[in-house]
Amino acid sequence: MSTTTAPQKRARTSAGTTIVPAHERALKNRVSLTETVRHSLTMAYRGLLKIRRTPEQLFDVTLQPIIFTVMFTYIFGGAISGDVASYLPVIIPGILVQTVITTSIVTGTQLREDMDKGVFDRFRSLPIARIAPLSGALLADTIRYAIATTLTFVMGFIMGYRPHGGIWAVIGAALLVIVCAWAISWIFAFFGVIARSASSVQGISMIILFPLTFLSNAFVPVDTMPSWLQWFVNINPVSHLVTSVRDVLNTGAFTSEAFLPLIGAAVIVAIFAPLTVRAYMRRA
Amino acid sequence: MNTHSEWAVEANGLVKTFGSNRAVDGVDLRVATGTVYGVLGPNGAGKTTTISMLATLLRPDAGSARIFGHDVQREAQVVRQLIGVTGQYASVDEGLSATENLVLFSRLLGLGRREARIKAQDLLEEFGLTEAASRPLKNFSGGMRRRLDLAASLISQPPLIFLDEPTTGLDPRTRAQMWETIRRLVAGGSTVLLTTQYLDEADQLADRIAVIDRGRVVAEGTGDELKAQVGSSSLELRLGDPLLADRALNIAERVLGVAGTRSAEAARITVPLSDPERVTDLLIELRGDDIRLEEFSVHKPSLDDVFLSITGKPTEDTAEDAADSTTSTREGAHA
């Protein structure tokens, strides 16, 4: 474990000084839970450092909310709700869910890229929790969701959206979306671990996500759709999430419907976290 | 606490198969604590795969290995506390600066925020990277990257350090610096296991050397022991006509009493030479047989000769394989 390998406070040079022989060291073969958490946080810190070093990887979470929100609102506003102002309470929750969930794909592609790099060999040779590079990456990505969420709300606000639920509803809805996106990112993390290349992760993920986000009530009222499509839209978990976010934002009430997505998120994590971890451990 | 083992590395019959390719095919190694051990072999001989198994990065398909008496599979986490690994391709984070890399690894190894900063600064200074500390790694030269990689392996001051081809691709000056660093490490009490394709590197640094070819250890001993296998000197002849190589080898064997070897392009033959007096006889014989020489020279024995005589012989293997290993040997000798 780490504190034993931590360099004893010795002379300033490390290559030249005498090192502690193997048999004089206190060693253990287990990593404790606190250490696991600490290693994960350090790996998440690495994710943040990388974002700071290469800010261009935030393009998707900054540009997409800005462009999509403006675009969809002005294209569909008049046709669907008569005017833009009355469309905003419909579209902002919809576009929020769509944007943040799409962002979670990146977890998978980045994980794949990361695992192919030389630095991963070093992580695997260090006496740290095996799971830390994975959990750290998932943790760091919540920052991306937070950015996308904030920007979507800001764009909505600029266009004149004033949620009835007030600031607490906005915070509640934001947390709901971020938690659900985090849960969904486990699915993409799974693909990231088992796939051969980052681009194949991107491909698989888009094929799954595109129908899920568009065949939902995110942009258009369900009753305008043909009945066979309504059936799918109504069972689509994304629709339920959108409905919950709308309820919270527009009424300020956390109804029982609002908790349904959280249950769904828990189910996804319960299934995909063990799958991902097992596949990951086999490689790590 | 465990029993005190005098062996830093003990590997028994390590096997690793990738598909139908037995990358490592029963490797045994014994590395004494406090020594430098060289694993010498051409590309694809199984050096990196062997190190990966010893460093808990790969699971052996068969066989076992212990690091300071700790089993690499059952006590992987203990082994990881005792080793530092510097990969063939620098295992540092390209997305971060040198300081950020060292701080990250220090934090993972349990140092506090402040300690990690100090540690990073010390190591950067020691490896002459202070000026480049905050620059992105993409602008680093190969030598700087390798130094940073080694610095990262030394954070926890591990008693055993694996260096996978530490000087491949480095210019001669940087290479000499790397050798100096490795010697300093050993002076401090570290055990070093290094792989190399460069025969002079193993000769210069290693106390003992294992020659590895096609996943097997084909020779083991000190540099001198290995050299003793090929005689005191060797005679190298370059023929005007490569087709006469077989005849020239026959004559050499008759005159000098030992079998020589032939290089890949066949125009060059190398014969162990115990008595320089006999060279004259050989040259006269060759002239008498109408075999024209382009060039001839007498070499002090080097590990190249050892390597050639052990792995380069076209015995039961296909000629193509033999040609491959001799070519790599020559590349190693040139670098």
Side-chain angles (χ1 to χ4, degrees), chain A residues 1-31 35 38-43 45-47 49-54 57 110 113-114 117-130 132-133 136 282 284, chain B residues 1-5 8 33 52 55-57 67-70 74-78 80-85 87 89-97 100-101 104-111 115 119 122-123 126-127 136 149 152-160 181 184-185 187-190:
Chain A
M1 85 83 226
S2 30
T3 50
T4 51
T5 44
Q8 287 65 24
K9 289 193 189 85
R10 274 160 192 270
R12 283 176 61 85
T13 50
S14 43
T17 47
T18 27
I19 52 136
V20 183
H23 63 274
E24 287 174 21
R25 296 180 176 221
L27 305 160
K28 66 181 185 130
N29 206 20
R30 290 250 164 270
V31 181
E35 281 164 345
R38 230 201 31 234
H39 296 153
S40 302
L41 287 173
T42 307
M43 294 306 292
Y45 163 75
R46 164 178 177 255
L49 278 179
K50 278 171 76 172
I51 291 176
R52 217 181 59 193
R53 280 266 157 195
T54 46
Q57 58 174 297
Q110 284 190 345
E113 277 174 4
D114 224 23
K117 282 186 192 151
V119 69
F120 226 76
D121 274 345
R122 182 171 302 282
F123 291 143
R124 288 161 59 216
S125 76
L126 292 176
I128 58 171
R130 300 289 88 192
R282 216 175 292 142
Chain B
M1 278 292 161
N2 270 274
T3 46
H4 184 164
S5 169
T33 302
S52 297
T56 75
L57 300 178
I67 304 295
F68 297 107
H70 300 280
R74 280 196 314 274
E75 299 174 273
Q77 228 26 25
V78 167
R80 290 182 190 121
Q81 288 159 56
L82 297 169
I83 60 172
V85 188
Y89 306 101
S91 31
V92 285
D93 196 326
E94 305 279 326
L96 307 182
S97 73
E100 285 166 346
N101 262 293
L104 170 70
F105 297 131
S106 304
R107 297 279 289 145
L108 285 174
L109 286 164
L111 270 70
E115 290 171 292
K119 187 82 198 169
D122 287 352
L123 284 166
E126 192 186 331
F127 284 87
D149 202 12
S153 304
L154 300 182
I155 292 169
S156 65
Q157 299 185 322
L160 173 63
T181 310
R184 251 191 312 145
L185 286 174
S190 294

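Note that this is a predicted model, so its numbers are computed, not measured. Keep in mind that the numbers below use all heavy atoms, side chains included, and drop hydrogens, waters and symmetry copies. Just so we're on the same page: letters track the sequence lines, and every chain starts at 1.
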Sort out for me which of [options] touches chain A most, counting heavy-atom pairs under 4.5 Å.
| options | result |
| --- | --- |
| B/A76, B/G95, B/S97 | B/S97 |
| B/L96, B/I83, B/I67 | B/L96 |
| B/S190, B/A55, B/S52, B/S106 | B/S190 |

Inset, instruction - Could you look at B/P158 and say if it's the side chain, the backbone, both or neither that has a heavy atom under 4.5 Å from chain A? - result: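 For B/P158, the contact with chain A is made by the backbone alone.
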Legend entry - Donor-acceptor under 3.5 Å (B/Q81 side chain, A/K28 main chain):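 It does hold such a pair.
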Inset, instruction - Examine distances only and state if a side-chain atom of B/D93 and a backbone atom of A/V119 form a donor-acceptor pair shorter than 3.5 Å. - result: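 Such a contact is absent between B/D93 side chain and A/V119 backbone.
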Legend entry - Criterion side-chain contact (heavy atoms from CB on, under 4.5 Å) on A/L27 and B/H70, from CA distance to verdict: CA-CA 10 Å; A/L27 305 160; B/H70 300 280; 3.9 Å; yes
Inset, instruction - Look up atom CZ in A/F120 and atom OG in B/S91, then write down how far apart they are to the nearest 0.5 Å. - result: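 Answer for the CZ-OG pair, A/F120 versus B/S91, is 13.0 Å.
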Inset, instruction - Any chance you could measure A/H39, atom NE2, to B/L109, atom CG, to the nearest 0.5 Å? - result: 8.0 Å
Legend entry - Pi-cation contact, B/F105 with A/R122 (under 6.0 Å, within 45°): yes
Inset, instruction - Please name the pair of heavy atoms, one in A/L126 and one in B/R80, separated by the smallest distance, quoted to 0.1 Å. - result: O-CD, 3.3 Å
Legend entry - Closest non-hydrogen atom pair, A/D121 against B/L57: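 In terms of heavy atoms, the two residues are closest at O-CD2, 3.5 Å.
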Inset, instruction - Check the pair B/L108, A/M43 against side-chain contact (heavy atoms from CB on, under 4.5 Å), reporting the backbone distance first and the verdict last. - result: CA-CA 8 Å; B/L108 285 174; A/M43 294 306 292; 3.8 Å; yes
Legend entry - 4.5 Å side-chain heavy-atom contact, A/R124 and B/T56: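 No, too far: nothing below the 4.5 Å cut-off.
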Inset, instruction - Answer with side chain, backbone, both or neither: which region of A/S125 has an atom nearer than 4.5 Å to a non-hydrogen atom of chain B? - result: both
Legend entry - Leading residue by heavy atom contact count with chain B [cutoff under 4.5 Å; candidates A/L49, A/T54, A/L41]: A/L49
Legend entry - Residues which pass side chain to side chain donor-acceptor pair (under 3.5 Å) with A/D114, listed by chain and number, not counting sequence neighbours: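 So A/D114 forms a side chain to side chain donor-acceptor pair (under 3.5 Å) with A/R46, A/K50.
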